[in-house]
Enquirer: 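Pasting a structure here, questions to come.
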Amino acid sequence: MATVGWAVLPMSLSGAEGLDLKKECKASYLDGAFHQAGVGRGESLQVREDIRRDEVMWIQPCKASAHQMRYLANLETLRLALNERFFLGLFDFEGHFAIYQQGAYYKAHLDRHTGTSDRIVTIILYLNEGWQTGDGGELKLWTSAAGPNGCYELIEPRMGTMVCFMAEDFWHEVLPATKQRTSITGWFRQRS
Ligand code: OGA
Ligand code: MN
């Protein structure tokens with residue numbers, strides 16, 4: 001994060017913790033707690049299947065399960081560390097579980113809504129046990145200032161892998177996968 005503004009941490013949590021989160025996520029999905037993700041926010045929020053096809057469930061800290069609380073507590077440690085090291089003034093986290101069914105994608109984008117600046121750091125945790133090269137579903141992260149014309153990294157969404165990047169700076173895309181793909185995606189925010 002300090003030198004290039006993004007980082008990948010394989011095995012950021014224990015396999016058991018990841019599986020617990022995944023199990024809950026699946027149960028909530030079967031309960032119908034997810035909805036089709038939209039693009040934009042407020043009045044301009046709309047479902048655009050040409051842009052993204054994931055289904056999401058926002059994490060509500062007041063209703064979070066014990067496993068979710070544990071993950072939120074880990075994120076809290078990370079938030080404080082980022083503030084201490086980079087003076088970012090991050091004050092909270094907003095995030096959702098996301099499920100991409102086979103073939104679903106999220107086309108190239110930046111994680112900021114037009115006219116807003118509150119999302120500072122993007123944090124993604126992948127929850128896909130047994131993911132193999134060839135299953136697709138990589139996060140394509142353009143790592144140069146040239147954005148979607150420049151060079152990029154392909155990050156496989158393996159169980160426990162965490163990706164962080166400065167939300168304003170990095171174009172990224174979710175490539176379609178040959179099977180269902182699960183993650184928790186969220187943002188540390190500044191007061192806008
Ligand atoms: C997002 C996003 C990336 C991923 O939800 O904004 O870009 O790898 N997710 O799931
Ligand atoms: Mn994104």
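As the structure is a computational prediction, the values presented were derived from the model and not from experiment. We count ligands from 1, going down the list as the structure has it; atoms in each ligand are counted the same way. Just the heavy atoms: all of them, side chains too, but no hydrogens, waters or symmetry mates, feed the values below.
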Enquirer: Any salt bridge linking K107 with E173? Criterion: basic side-chain nitrogen under 4.0 Å from a carboxylate oxygen.
Expert: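 Not counted as a salt bridge, because no side-chain N and carboxylate O are separated by less than 4.0 Å.
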Enquirer: Between R189 and D92, does at least one N-O distance fall below 4.0 Å, as a salt bridge requires?
Expert: yes
Enquirer: Can you measure from CG (L82) to CG (L90) and round to the nearest 0.5 angstrom?
Expert: 6.0 Å
Enquirer: Between atom CG of N128 and atom OG1 of T182, what is the distance when rounded to the nearest 0.5 Å?
Expert: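 Output value for this atom pair is 5.0 Å.
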Enquirer: Go through the steps for R158 and T133 under the test side chain to side chain donor-acceptor pair (under 3.5 Å), then give the verdict.
Expert: CA-CA 10 Å; R158 292 178 184 262; T133 304; 3.3 Å; yes
Enquirer: Checking side chain to side chain donor-acceptor pair (under 3.5 Å) for the pair T143/E153: CA distance, chi angles, key distance, verdict?
Expert: CA-CA 7 Å; T143 52; E153 296 279 326; 5.1 Å; no
Enquirer: What's the count of protein N, O or S atoms under 2.8 Å from the Mn ion (ligand 2)?
Expert: 3
Enquirer: Less than 4.5 Å apart, any side-chain heavy atom of V47 and any of E49?
Expert: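 Of all side-chain heavy-atom pairs linking E49 with V47, at least one is under 4.5 Å.
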Enquirer: So which atom in G18 and which in L127 form the shortest heavy-atom distance, rounded to 0.1 Å?
Expert: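 Smallest heavy-atom distance, with atoms named: O-CD2, 3.8 Å.
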Enquirer: Any salt bridge between D135 and K179, counting N to O under 4.0 Å?
Expert: yes
Enquirer: Can you produce the list of protein nitrogen or oxygen atoms under 3.5 Å from a nitrogen or oxygen of ligand 1, alongside each distance?
Expert:
{"residue": "ligand 1", "atom": "6 (O)", "partner": "H109", "partner atom": "NE2", "Å": "3.2"}
{"residue": "ligand 1", "atom": "6 (O)", "partner": "D111", "partner atom": "OD1", "Å": "3.2"}
{"residue": "ligand 1", "atom": "7 (O)", "partner": "H109", "partner atom": "NE2", "Å": "3.1"}
{"residue": "ligand 1", "atom": "7 (O)", "partner": "H172", "partner atom": "NE2", "Å": "2.9"}
{"residue": "ligand 1", "atom": "8 (O)", "partner": "Y126", "partner atom": "OH", "Å": "2.5"}
{"residue": "ligand 1", "atom": "8 (O)", "partner": "R181", "partner atom": "NH2", "Å": "2.8"}
{"residue": "ligand 1", "atom": "10 (O)", "partner": "R181", "partner atom": "NH1", "Å": "2.9"}

